[in-house]
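As C-alpha cells, the structure follows; a few thoughts come after it.
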Amino acid sequence: MFEGFTHTNLTANGVGINLRHGGSGPPLLLLHGYPQTHVMWHKVAPPLAERYTVVVPDMRGYGDSDKPLAPDGDLSVYCKRTTANDQVEVMRQLGFESFHVVGHDRGARVGHRMALDHPARVRSFTSLDVVPSQAAFENMDADLAFAWFHWHLMRQPSPLPETLIGSNAKFYLDFLLERWTAVEGSITDEAYAEYLRCFDNPDTVRATCLDYRGVALDLQHDEVDRGRKLECPVLLLWGSDMRKRPGWQTGKSLDMLSVWRERAHDVRGKPLDCGHFIPEERPDELVAELVEFLSECEG
C-alpha cells in the first residue's frame, strides 16, 4: 500500500503525528474517520498523487499517532479545534500554507472546524458521508440515535465505554466495519489487518472515546459560529445504500445538501451507491469526483 509515498512522523501542536505523503501538484490533505486510520485512503491516494501532493496522516488518538491523556477529562485535548490545529501545523511543516481538505467521518468534522478556524488555509473542503454535528444533535430522533449508538455509548463517563469496547475490541471493530459497509469485499485483508492492529489497543480505545466525548466542546464552538458560512467551495458525497444502517446521519428529517447549504456558500454534491466507507467501496468514483471538483477550484 502507498507505493512511492514517504512515511514519516512529525511533532505538531505538541503531538507526534504519523503520516505518509507523496505525489506532486496542489496540496491535498486526506483525513480519515472512525474506527480506521490513514490506511483507509490506500485505494485513492496513489491515483490522486498523479495530480496532487497528497498527505495522509493518522489524526491524534488514532493509528500510530500519539494518544495524549486528557487530565481531569479536559475536552480540549480531543476537540475538533485541537485536532484541526494539529493538521494545519503538519501541512505548514511540509511547506504548505494553504491546501485542499477531504475528510471522511471524524475527518470531515475536523475539516469543517479547520475551514471555520483557518479560512485562509483551506482552499476547498470535501465531506464524505457526514452531517454537521450541530444539525445532527439538534434533530436527533429515534432512527438517528439507533444508527449513532456508538456516539451515545462512547460519550458515557470513563471507564464504562472503555471497558465494554476493550473487553473484545476485535468483535466491536468487526461489527462496525460489517454494519457500515454495503459493498462486500471492499475492505481488503491488508487494510483490515492494519485497522485491527491499531484498534485492538487500550490506548486507542481510550483516545477514541475521548474524541467522541469532545463533541460537548465541539458543540459549544459550533454555537459561537452559528450562522457563519464557509467561504471555500464544498463538495458533499455520501453513501446511499442504507439497508444495514437506517437513519444514518440524517434520521427522518435532515437532508444532506440542505444542512450543508446552511453552513457554506458554495455547496454541491450527490450520493454514491455504497455504504459509509466511500474511499474503499467506491474509490474510482471518488477519485473522478475529486479530480473534477478540485480542478474547478484550482481554476
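These values consider heavy atoms only, across backbone and side chains, with no hydrogens, waters or symmetry-generated copies.
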By side chain to side chain contact (heavy atoms under 4.5 Å, CB included), which residues pair with [X], not counting sequence neighbours?
X	result
Glu285	Leu272, Arg282
Pro271	Trp238, Ser240
Ser65	Ile17, Asn18, Asp58

Student check: side-chain heavy atoms of [X] and [Y] closer than 4.5 Å:
X	Y	answer
His21	Phe96	no
Val101	Phe99	yes
Val224	Gln220	no
Trp260	Phe125	yes
Thr188	Glu280	no

Test of understanding: with ring pair (Phe, Tyr, Trp, His ring centres under 6.0 Å), list the residues that count as partners of His100, not counting sequence neighbours.
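Counting only residues at least two positions away or on another chain, His100 forms no ring pair (Phe, Tyr, Trp, His ring centres under 6.0 Å).
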Stepwise side-chain contact (heavy atoms from CB on, under 4.5 Å) test for Leu31 and Leu29
CA-CA 6 Å; Leu31 299 176; Leu29 175 64; 3.9 Å; yes
Are there over 12 heavy-atom neighbours, none belonging to [X], within less than 6.0 Å of that residue's [atom1]?
X	atom1	answer
Glu223	CD	yes
Arg51	CZ	no
Gln156	CD	yes
Phe149	CZ	yes
Lys270	NZ	no

Would you confirm whether the ring centroid of Tyr34 sits within less than 6.0 angstrom of the ring centroid of Tyr212?
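Ring centres of Tyr34 and Tyr212 closer than 6.0 Å.
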Ring centres of His276 and Trp248 under 6.0 Å apart?
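Yes: the rings meet the under 6.0 Å criterion.
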Residues [X] and [Y] bridged, charged N to O under 4.0 Å:
X	Y	value
Asp222	Arg113	yes
Arg261	Asp255	no
Arg20	Glu3	no

Atom pair [atom1] ([X]) and [atom2] ([Y]), whose distance is rounded to the nearest 0.5 Å:
X	Y	atom1	atom2	value
Asn85	Asp117	CG	CG	6.5 Å
Tyr195	Leu173	OH	CG	9.5 Å
Glu190	Met1	CD	CE	3.5 Å
Leu230	Asp225	CG	CG	9.5 Å
Ile278	Ser186	CD1	OG	11.5 Å
Asn139	Ser253	CG	OG	4.5 Å

Do you know the tightest heavy-atom contact between [X] and [Y]?
X	Y	answer
Thr126	Phe293	OG1-CE2, 3.5 Å
Pro68	Arg206	O-NH1, 3.2 Å
Pro161	Arg213	CG-NH2, 3.3 Å
Pro132	Arg109	C-NH1, 3.8 Å
Thr181	Lys244	O-NZ, 2.7 Å
Gly33	Tyr62	O-CE2, 4.5 Å

Knowing that exactly one of Lys67, Met59, Lys80, Arg60 qualifies, which makes a side-chain contact (heavy atoms from CB on, under 4.5 Å) with Asp211?
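Of the listed residues Lys67, Met59, Lys80, Arg60, the side-chain contact (heavy atoms from CB on, under 4.5 Å) partner of Asp211 is Lys80.
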Pick one: which of Thr204, Val205, Thr208 meets side-chain contact (heavy atoms from CB on, under 4.5 Å) with Ile165?
Val205
Polar side chain donor-acceptor pair, Asp86 to Asn13, under 3.5 angstrom:
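Yes, a side-chain donor-acceptor pair sits under 3.5 Å.
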Looking only at side chains, do Ser98 and Arg121 share a donor and an acceptor under 3.5 Å apart?
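The criterion, which ignores hydrogens and geometry beyond distance, is not satisfied for Arg121 and Ser98.
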Look at the side-chain heavy atoms of Ile, Leu, Val, Met, Phe, Trp and Tyr, link any pair under 4.5 Å apart, and say whether [X] and [Y] land in one connected group.
X	Y	answer
Val183	Tyr192	no
Leu164	Leu176	yes
Ile187	Val287	yes
Val15	Leu94	yes
Leu160	Val215	yes

Partner residues of Glu138 under the salt bridge (charged side-chain N to carboxylate O under 4.0 Å, His left out) criterion, sequence neighbours left out:
Arg226
Going through the distances and angles, do Asp64 and Arg197 end up as a salt bridge (charged side-chain N to carboxylate O under 4.0 Å, His left out)?
CA-CA 10 Å; Asp64 291 315; Arg197 177 184 71 81; 2.8 Å; yes
Please lay out, stage by stage, how Leu235 and Leu290 fare under the test side-chain contact (heavy atoms from CB on, under 4.5 Å).
CA-CA 8 Å; Leu235 173 65; Leu290 287 174; 4.2 Å; yes
Where do Asp105 and His32 land on the side-chain contact (heavy atoms from CB on, under 4.5 Å) test, with the steps shown first?
CA-CA 7 Å; Asp105 190 87; His32 67 84; over 6 Å; no
Under 4.5 Å side-chain linkage, directly or through intermediates, the cluster mates of Leu75
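Answer for Leu75: Leu217.
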Leu210 vs Val77, test: side-chain contact (heavy atoms from CB on, under 4.5 Å). Steps then yes/no.
CA-CA 8 Å; Leu210 288 167; Val77 177; over 6 Å; no
Could you walk me through whether Glu296 and Arg268 satisfy the salt bridge (charged side-chain N to carboxylate O under 4.0 Å, His left out) test, starting with their C-alpha distance in whole Å, then the side-chain angles of each, then the deciding distance to 0.1 Å, before giving a yes or no?
CA-CA 12 Å; Glu296 290 181 15; Arg268 69 202 77 177; 2.6 Å; yes
Which is it for Asp218 and Arg81 under the salt bridge (charged side-chain N to carboxylate O under 4.0 Å, His left out) test, yes or no, and what are the steps along the way?
CA-CA 8 Å; Asp218 297 335; Arg81 172 165 286 160; over 6 Å; no
Aromatic rings Phe5 and Phe2: how do their planes relate, parallel, tilted or perpendicular, breaks at 30° and 60°?
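Answer is perpendicular, since the angle exceeds 60°.
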